Amino acid sequence: MTDRLHEPPLVGTGSIGTQPGMEMTEIQAGVADHTITTYEHGLEVRARSQWSYARARFFRHRLAMVGIVLLIVIFVAGAFAGQIAPYDPTLPSADITVSPTFAGHHFFGTDQIGRDYFSRTLYGIRATEQVSLLVAGIASLIGILIGACSGYFGGWIDNLLMRTTDLFLVVPALAVLLVAAKYLGHGSPVRLALLLGLLFWTNIARIVRGSFLSLKEKEYVEAAKASGSGNFRIMFRHILPNTIGPIVVAATLLTGLAILNESTISFLGFGLDLSLGTLIADGQAAGLNLWWLVTMPGLTIVLIILCVNFIGDGLRDALDPTQRRIRA
Amino acid sequence: MLTFIARRLLYSIPVLVAASFLIFVFVALSSNPLADLYSNTHLTPADIKVIAHAKHLDASVFERYWLWVQDAVLHKFGNNLSNGDPVWPNLERVLWHTIELLVIVLVLSVLIGVAIGILSAIRQYSIFDYTATTLSFIGFAMPVFWLALILQVIFTNIYLKWHLRIFYTAQLSSDNPKYWLLDRIQHLALPVIALCALSVAGYSRYMRASMLEVINSDYTRTARAKGLPEWRVIGKHVFRNALIPLTTQIAIDFGALFAGAFVTEQVFTLDGMGHYFVVALTSGDPYPVMAWLMVVAVMVIIFNLIADLVYGFLDPRIRYD
């Protein structure tokens, strides 16, 4: 049996008329974005899709807009650290222990062997941003796959998910991370990101599982089954798009969590060689009277995570209006 | 109730075994507790091999895990592989230090967090509410170790500049203090403040949200409609019901609080569980690492059990059977 539901909607060729009911919703959803209903000349009503409502809600969220602009500035600065940084991040210089000043471009001061902390912070941002974005990607991928299978099929994969979640309830994630990071992730952002991703997928998986459990009972899934769609197609073409909102929100907040964990691991000396956490640890080792070495990279972390959380809140309001606004 | 407790404890045994096996394999396969011996010029590689054999380091990982289980159950986690010291006395000492810190932080942060949450909810959108919201947002964004370090920087610099000793910024106690309690408070104040900031941010937000939900519920309207005074509505009807979701949250957050204590101890070089773990992990010896993990896992399980029992006390509809 051919899978008619997923052919492009044939507007105006009579398909709506010949096959009412089943195809109506899909065709309307597909066309709604572009339909302009003309009532009278000059008085036009544009039908708006769910996405355009979500977009409008997001752009109205003032804190989220501030957050996204700031975060883009910070991340672009990190990505182009090699071009922007006024000094070499590892090269000692004669300007030792300069407190933050605009005069010599030592905006964040220098450490006890004269390395410019502004340049080092820029490189630190680069490492942090690599790790956090990778973690969000990896964790979302694993979480969506396992959550979808566990919600849709149930059975052993569902068991695996729930038992893994139990495991992390008992053993603190930070301890597991440190054990693993000591042997696997040392110095490499990609490996550290893999580790964090392999640990943090459970949250997204639980969200996806919950949505799948309720959505698989819906009529449109039944309709897709009746028209002969395979399990894979139903899961990823029909159900998944309806769970995107909560996933995006969770992935955003996970980015913040990844940054916090990465900097903690690096601070404890089991992580990267040059990241914001390492810079703070270096600052502590250099002596507490050089306050800027600890303060400046730390403020950068706080700023990044504030932005990420604001964006997450904005996305939650935009994409997931049913969820209550509790930040726990 | 007793059967409930017994069943919960029984259920957690397989989880403990699985977690311990995974971690053991990980640590045992990837590190060598005798690594330091190679730099010792008095020992030949053959000598080290003999030592390794005596400690069963050349056995398969399953045998080693089984030996560890025996040691853990029969000999209080056995002796360190690296230097032969018994594991338990050291671990017991740091365990009590960490429990001391955690209990103080939990009590203080729940009291403060609940108070702020209630005030924010009954004066929603007031200046107090907005200030609390802003501060908690900043609290969420701050890594604990950084807040701890900033406190350390501030109080160290106060001491360096004016020779004013308000709080100590390292260690757990001084040698031969004059007033033991005062000395302990001066030492623990900064770690407690750093840890409380994080928890208070979470608890106050959570309390505010659940208070607001109860305040807008039908039975609160009923309570007001039948003419109860406001303090009675809030104190008796709203407050108690709002505490229920908070209890769950505190139990869930316990792991995060423990991780926070972990790094805070590291910053203030407190002789606690976090410090112990980092030293053990650096030495690559599976015995102290494993003992630490088991103790922490049992702590988490007990804590969750207590939270469940408190939950039943707050919500009489819940029956344990």
Side-chain angles (χ1 to χ4, degrees), chain A residues 63 163-164 166-184 253 256-257 259-265 267-270 276-277 280-281 283-284 287-295 297-299 301-310 313 324-328, chain B residues 11-12 14-16 18-20 22-23 26-27 29-31 136-138 140-147 149-150 152-154 156-157 160 169 201-202 205-206 208-210 213 245 249 252-253 255-256 258-259 262-263 266-267 274 277-278 281-282 284 289 292-293 296-298 300-301 304:
Chain A
L63 279 176
R163 292 294 87 78
T164 318
D166 282 355
L167 211 64
F168 289 131
L169 280 181
V170 169
V171 186
L174 185 66
V176 179
L177 269 176
L178 287 181
V179 171
K182 175 163 190 267
Y183 303 115
L184 298 180
L253 296 176
L257 192 68
I259 294 173
L260 278 178
N261 275 284
E262 181 276 322
S263 59
T264 306
I265 297 168
F267 172 74
L268 291 174
F270 296 100
L276 295 173
I280 297 175
Q284 188 194 20
L288 294 175
N289 51 340
L290 310 182
W291 55 268
W292 56 90
L293 299 185
V294 172
T295 314
L299 280 178
I301 297 181
V302 174
L303 195 62
I304 293 176
I305 296 180
L306 266 181
C307 292
V308 170
N309 285 348
F310 284 149
D313 270 18
R324 285 176 307 153
R325 295 179 57 189
I326 297 177
R327 293 277 342 267
Chain B
Y11 273 143
S12 50
V15 180
L16 268 183
S20 69
L22 287 176
I23 301 285
F26 219 79
V27 181
L29 285 185
S30 51
S31 68
S136 66
F137 255 98
I138 297 174
F140 283 127
M142 259 194 292
V144 193
F145 72 87
W146 184 69
L147 179 61
L149 259 176
I150 288 299
Q152 199 178 35
V153 165
I154 292 172
T156 307
N157 281 311
L160 290 176
T169 55
R205 292 313 287 165
Y206 213 81
R208 175 181 183 275
S210 64
E213 195 179 310
Q249 198 54 36
I252 293 172
D253 282 352
F258 198 89
F262 195 112
V263 283
Q266 196 61 14
V267 170
F277 184 74
V278 172
L281 191 60
T282 314
V289 173
W292 185 94
L293 274 169
V296 171
V298 170
V300 173
I301 289 170
N304 275 304

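Since the model is a prediction, treat every value here as computed from it, not as a measurement.
Between Phe137(B) and Phe310(A), the ring-plane angle classifies as tilted under the 30° and 60° cut-offs.
Heavy atoms of Ile305(A) lying under 4.5 Å from chain B belong to its backbone as well as its side chain. Within the 4.5 angstrom heavy-atom criterion, atoms from both the backbone and the side chain of Leu299(A) approach chain B. Both the backbone and the side chain of Thr282(B) come within less than 4.5 Å of a heavy atom in chain A. The contact between Gln266(B) and chain A is made entirely by side chain atoms (from C-beta outward), counting heavy-atom distances below 4.5 Å.
A pairwise comparison of heavy atoms in Val294(A) and Trp146(B) identifies O-NE1, 2.9 Å as the closest pair. Taking each heavy atom of Pro143(B) and Ile301(A) in turn, the nearest pair found is CG-CG2, 3.7 Å.
You'll find the side chain of Phe270(A) reaches within 4.5 Å of the side chain of Leu281(B), heavy atoms only. Between Leu268(A) and Phe145(B) there is no side-chain heavy-atom pair separated by less than 4.5 Å.
Between chain A and the residues Leu149(B), Val15(B), Thr156(B), the largest count of heavy-atom pairs under 4.5 Å involves Leu149(B). The candidate from Leu16(B), Val267(B), Val298(B), Leu147(B) with the greatest count of non-hydrogen atom pairs under 4.5 Å with chain A is Val267(B). Between chain B and the options Ile304(A), Leu174(A), Leu290(A), Val308(A), heavy-atom pairs under 4.5 Å are most frequent for Leu174(A). For chain A, the option among Phe277(B), Trp292(B), Phe258(B) with the highest count of heavy-atom pairs below 4.5 Å is Phe277(B).
Within the model, atoms CG of Asn309(A) and CD1 of Ile138(B) stand 12.0 Å from one another, a figure rounded to the nearest 0.5 Å.
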